[in-house]
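One structure below.
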Amino acid sequence: MNITINQVLQSYIDPLTASEYAALERSLLAEGCRDALVLWNDVLIDGHNRYAICRQHGIEFKTIQNTSFSSLDDVMLWMIDNHLARRSVSDFQRGVLALRKKEIVAARSPAPVSAADAPEGENAPKPPMSTREEVAKVARLSSNQISQIEKIQKAASPELVEAVRSGTISINAAATVASLPPEEQVAAVAGGKKLLRQAAKEIREQRAATRTPREPKVHVSQDTPETGNEPWADNAAQAPGEAERLRGEIASLKQKVAQLQAENVELNQRIATLIDAS
C-alpha cells in the first residue's frame, strides 16, 4: 500500500512530547494498532505517529478512506476539529488550533460586505470566527487566554513556546515572559520552571508599580437651570477645595511611583542575577 505523507499536514498538528510518544509506542507494541489510519486518497491525514511506530516495529495496521474532502483546506479543518475534540490536548494547543482554524476560515470566506453595501435595513454580515470571543468559544478558553496565546505566537522565542507547549510554564506566565528580549527569554527557559515563574512575577510587579493613577474628575450636573437651591449646590461650592485635596493626593502618589520605579531598577538587576546564576 502506498501511503503519502504530506509535510504541511504533518507539521500542522503539534507533535507528541517524548513521553507521550513513548507511551504510544508501548501501547502499540503491547496491543497492536487497534484504530485504523485515516487516508484522503493516498495521503495520510490521521495517525502519523502510529504509522511511524508501526513501520518501525513491523506492526500491522488498517486504513480507511475519508472521501468527503474537496481540498487541502477541508482536510486541515477536519484535522483541527478532530484534535480539538480530544481530551488530551492542552489549553495552549487548543488555542493554537483555534487560531489556525480562524486563518483558514478567513482565507476561504468572501470579502466582507461594507455597511454601505448591505441591503437597506440589514446589518452587514460578519465573517465566521472574526472575533476573539468566537475563537475562544471554539477553543473552550477565555478571550483573554486567546489574546495571551496570540502574544506568545508573536513575541515568544522558540524555546519559550516549547516550554508552554510542554506545560513547564502557564499561558499567563509565558505571555508575560514574552515581553522580555529574546535572549533573556532563552536564558529564563534554560533556568527551568522556578526561574520562569520568578521572571514572570518580577515583570508583573514592575508593571503594577509603574501604573500612574488617573486624576479624578469633579462633575457638576448641568441638567437643570441654576437657582441656588439645587440639591447639588452645596457640593458644587465645595468642589474646588475637594479638587485641591485630590490633586495633593495624586502628587503624593506620583512621588511614590517615582520611588517604585527606582526599585524596579533593582528588580531588573535581580532578574539578571537569577539568570546569570542559572
Side-chain angles (χ1 to χ4, degrees), residues 11-15 17 73 76-77 79-109 111-112 115 123-189 191-214 257 260 264 267-268 271:
S11 63
Y12 211 70
I13 304 298
D14 287 336
T17 63
D73 282 348
M76 290 180 178
L77 290 173
M79 291 177 66
I80 289 173
D81 289 339
N82 195 30
H83 279 72
L84 284 172
R86 294 178 178 174
R87 296 180 180 178
S88 59
V89 178
S90 68
D91 287 350
F92 178 72
Q93 288 172 306
R94 286 205 309 275
V96 170
L97 290 171
L99 288 168
R100 287 176 178 172
K101 182 173 183 177
K102 175 187 175 183
E103 293 174 358
I104 297 172
V105 170
R108 293 167 59 124
S109 300
N123 295 326
K126 293 193 304 180
M129 294 189 71
S130 59
T131 67
R132 187 170 288 147
E133 289 73 19
E134 290 175 305
V135 176
K137 184 177 181 180
V138 170
R140 303 195 304 279
L141 301 173
S142 69
S143 56
N144 185 52
Q145 286 174 304
I146 293 297
S147 176
Q148 291 171 341
I149 292 172
E150 288 177 314
K151 181 177 180 180
I152 293 168
Q153 290 182 313
K154 181 179 180 180
S157 66
E159 293 82 359
L160 182 57
V161 172
E162 177 58 27
V164 66
R165 195 191 73 80
S166 64
T168 302
I169 185 175
S170 69
I171 295 173
N172 184 21
T176 302
V177 175
S179 63
L180 293 172
E183 61 275 10
E184 293 186 26
Q185 295 181 36
V186 174
V189 172
K193 182 181 294 186
K194 184 177 181 180
L195 182 55
L196 281 167
R197 289 178 176 174
Q198 181 65 23
K201 180 182 177 182
E202 299 279 4
I203 294 168
R204 292 192 193 103
E205 290 175 349
Q206 179 179 357
R207 289 176 179 172
T210 54
R211 291 194 188 103
T212 302
R214 294 182 180 180
V257 168
L260 290 170
N264 286 336
L267 290 176
N268 287 331
I271 291 175

Roughly how far, to the nearest 0.5 Å, is the [atom2] atom of [Y] from the [atom1] atom of [X]?
| X | Y | atom1 | atom2 | answer |
| --- | --- | --- | --- | --- |
| I104 | D73 | CD1 | CG | 5.5 Å |
| L84 | L97 | CG | CG | 5.0 Å |
| T176 | Q148 | OG1 | CD | 7.0 Å |
| H83 | Q93 | NE2 | CD | 8.5 Å |
| R132 | N144 | CZ | CG | 9.0 Å |
| E103 | R108 | CD | CZ | 14.0 Å |

Please examine the side chains of [Y] and [X], heavy atoms only from C-beta on, and report whether any two atoms are closer than 4.5 Å.
| X | Y | result |
| --- | --- | --- |
| E159 | P182 | no |
| I152 | L160 | no |
| V186 | V189 | no |
| R204 | N172 | yes |

task: Evaluate the side-chain hydrogen bond (donor to acceptor under 3.5 Å, both in side chains) criterion for residues E150 and S147: first the C-alpha distance (whole Å), next the side-chain angles of each, then the deciding distance (0.1 Å), finally the verdict.
output: CA-CA 5 Å; E150 288 177 314; S147 176; 4.8 Å; no
- request: Applying side chain to side chain contact (heavy atoms under 4.5 Å, CB included), run through I149 and L99 and close with a yes or a no.
  value: CA-CA 9 Å; I149 292 172; L99 288 168; 3.9 Å; yes
task: Using a strict cut-off of less than 4.0 Å between a Lys/Arg side-chain nitrogen and an Asp/Glu carboxylate oxygen, indicate whether E134 and K137 qualify as a salt bridge.
output: no
message: If the threshold is 4.0 Å, N to carboxylate O, is there a salt bridge linking R140 and D91?
response: no
task: List the steps, then state whether side chain to side chain contact (heavy atoms under 4.5 Å, CB included) holds for S179 with K151.
output: CA-CA 9 Å; S179 63; K151 181 177 180 180; 4.1 Å; yes
- request: Ignoring hydrogens and angles, tell me if any N or O in the side chain of R94 forms a donor-acceptor pair with the backbone of V89 under 3.5 Å.
  value: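 Checking the backbone N and O of V89 against the side chain of R94, a donor-acceptor pair under 3.5 Å is found.
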task: Taking all heavy atoms of A98 and all of M129, pick out the closest pair and write down the distance.
output: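 It is O-CE, 3.5 Å.
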message: Checking E202 against Q198 for the side-chain hydrogen bond (donor to acceptor under 3.5 Å, both in side chains) test, could you report, in this order, the C-alpha distance in whole Å, the side-chain angles of both residues, the deciding distance, and whether it holds?
response: CA-CA 6 Å; E202 299 279 4; Q198 181 65 23; 2.8 Å; yes
task: May I ask you to check whether R197 and S170 show a side-chain donor-acceptor distance below 3.5 Å?
output: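 No pair is found: no donor N or O on one side chain lies under 3.5 Å from an acceptor on the other.
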field: Neighbour count above 12 (heavy atom, 6.0 Å) for R165 CZ
entry: yes
message: Could you walk me through whether T168 and E162 satisfy the side chain to side chain contact (heavy atoms under 4.5 Å, CB included) test, starting with their C-alpha distance in whole Å, then the side-chain angles of each, then the deciding distance to 0.1 Å, before giving a yes or no?
response: CA-CA 9 Å; T168 302; E162 177 58 27; over 6 Å; no
